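Computation of the quantities below employed the complete heavy-atom set of this structure, encompassing side-chain atoms and omitting hydrogens, waters and symmetry-equivalent molecules. In listed order, ligands and their atoms are each counted from 1. Computed from a prediction, not measured in an experiment: that's the story for all the values here.
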Amino acid sequence: MEQSMEQQDLELIWHPCSQMKDYETLPPMVIDHAHGCWLYDIHGKAYLDIVSSWWANLLGHTHPVLNARIKAQLDRLEHVIFANFTHEPAITLARRLQKLVPPGLSKFQFHDNGSAAVEAALKLCFQYHQQTGHPERQKFLCLTEGYHGETVGALSVGSMDLFSLKYKPMLMETIHVEAPDCYRCPYGKQRDDCTCPCFGKAEEAFARYGKEAAAMIVEPLLQGSAGMRIYPALYLKKLRKLCDGYGVKLIADEIATGFGRTGTLFACEQAGITPDVMCLSKGLTGGYLPMSLTVTTQEIYDAFYDDYGTHKAFLHSHTYAGNPLGCAAALGVLDVLEQQQILLKARETARWLTKEMEGRFGKHEHIGEIRHIGLIHALELVADRKSKRPFPAEKRLGYQLYQKALARGLVLRPLGDVLYFNPPLTIAKEELTQAMEVLGEVLRES
Ligand SMILES: *Cc1c(COP(=O)(O)O)cnc(C)c1O
């Protein structure tokens, strides 16, 4: 008998971020096609992609504008070596982004995935200090519970044991500053009117390591993988000042937050800061193609600019750097964002969603907090609201709910016991209502 697609997949494919044994009870969904916020499997079942296919899909699947742009580019130039060669889509993209990123960021490096953009950012800051008279600056600071990707450098500045503990002996030593935790705030503060006493932890770390640090990397405003942990813009403002005071570079990893996810085009805007280096990916191409950018300042660029023989160049490359198809998709994203006022509409949708969520789930005995920024809305499940005690991890409650929601056609992929919506910015209120209804049913059942 012929094997099913699911069986063939499990015979051959090792999926990302998965215990493959789990697939014995939950085989992979074989997706045949997609449109808007919906995925359709080979059996005709529809799934609402409320997590934007790993936070990447920005404007919906098979978007007519993006599809047309990529197809047109494909017939012109699919790829070309990006050292010594260039092309119009990359130039136009950099030109347009330069006007949109925080002021002062003006030099664009092209890479092919988020982790690669982070690796480049780290190496860039390290080498910058080597070439500007501070070879002693070799350490990196980061926030606890931070996430910056899976490659060895990115894992080293990440701080989630789930992903990094096993590899500790392989990783470089980094300084982990206790991150703001507004839900379980040890200082008893509220996120909305907070003076950030937790920033003292950063000050202590800088007092101790500030003179030997090359850079600090953060996910601005939103620690995504940590469970959509949101912290005040004031923290970022203070961090910008602290970094300046110590001569430490600030890297903003906007891979998840960029392109409108937090309500503004970039999260850094809300703090009114310009990082020294910014990493972009995911929404950059609308979630279509693997492309990332490491964006930096003239000042950093200048520290590498010299005669070849001085060996100051940044000799970092990825084969698919500057891929024209990715650039075409990214240009399409910028056009759609502008012409269709996507951010304005998404902000309105977000305000409505907050009200709806609070109305439906605000009093639920096992929802400790509903937190939100932009369209991203997260519900943290707790065993006890008052003490904020989590459910035992062995219970895998989030995973149980995920399976139940999938059966009802909703991709509610949790982060531990945090359920969240991070949909394409173009999602309709009716679709969000459908998602909340499934969420309600699933919660009632558990
Ligand atoms: C997804 C993500 C990355 C890694 O990007 P990949 O393309 O998966 O390597 C890095 N940082 C943040 C904040 C992310 O969300």
### Query
Would you say the side-chain atoms of Ser53 pair up with the backbone N or O of Asn57, donor to acceptor, closer than 3.5 Å?
no

### Query
Backbone N or O of Ala303 within a donor-acceptor pair of the Gln131 side chain at under 3.5 Å?
yes

### Query
Are His366 and Phe391 close enough that their ring centres sit under 6.0 Å apart?
yes

### Message
At less than 4.0 angstrom from any atom of ligand 1, which residues have a non-hydrogen atom? List them by chain and residue number.
### Response
Trp55, Asn113, Gly114, Ser115, Tyr147, His148, Gly149, Glu219, Asp253, Ile255, Ala256, Lys282

### Query
Are the aromatic rings of His377 and Phe421 close, with centres under 6.0 Å apart?
no

#### Entry: Ring center gap for Phe259 and Phe266 short of 6.0 angstrom
yes

### Task
Would you mind listing every side-chain hydrogen bond (donor to acceptor under 3.5 Å, both in side chains) that reaches into residues 171-180, with sequence neighbours excluded?
Ser159-His176, Thr174-His176

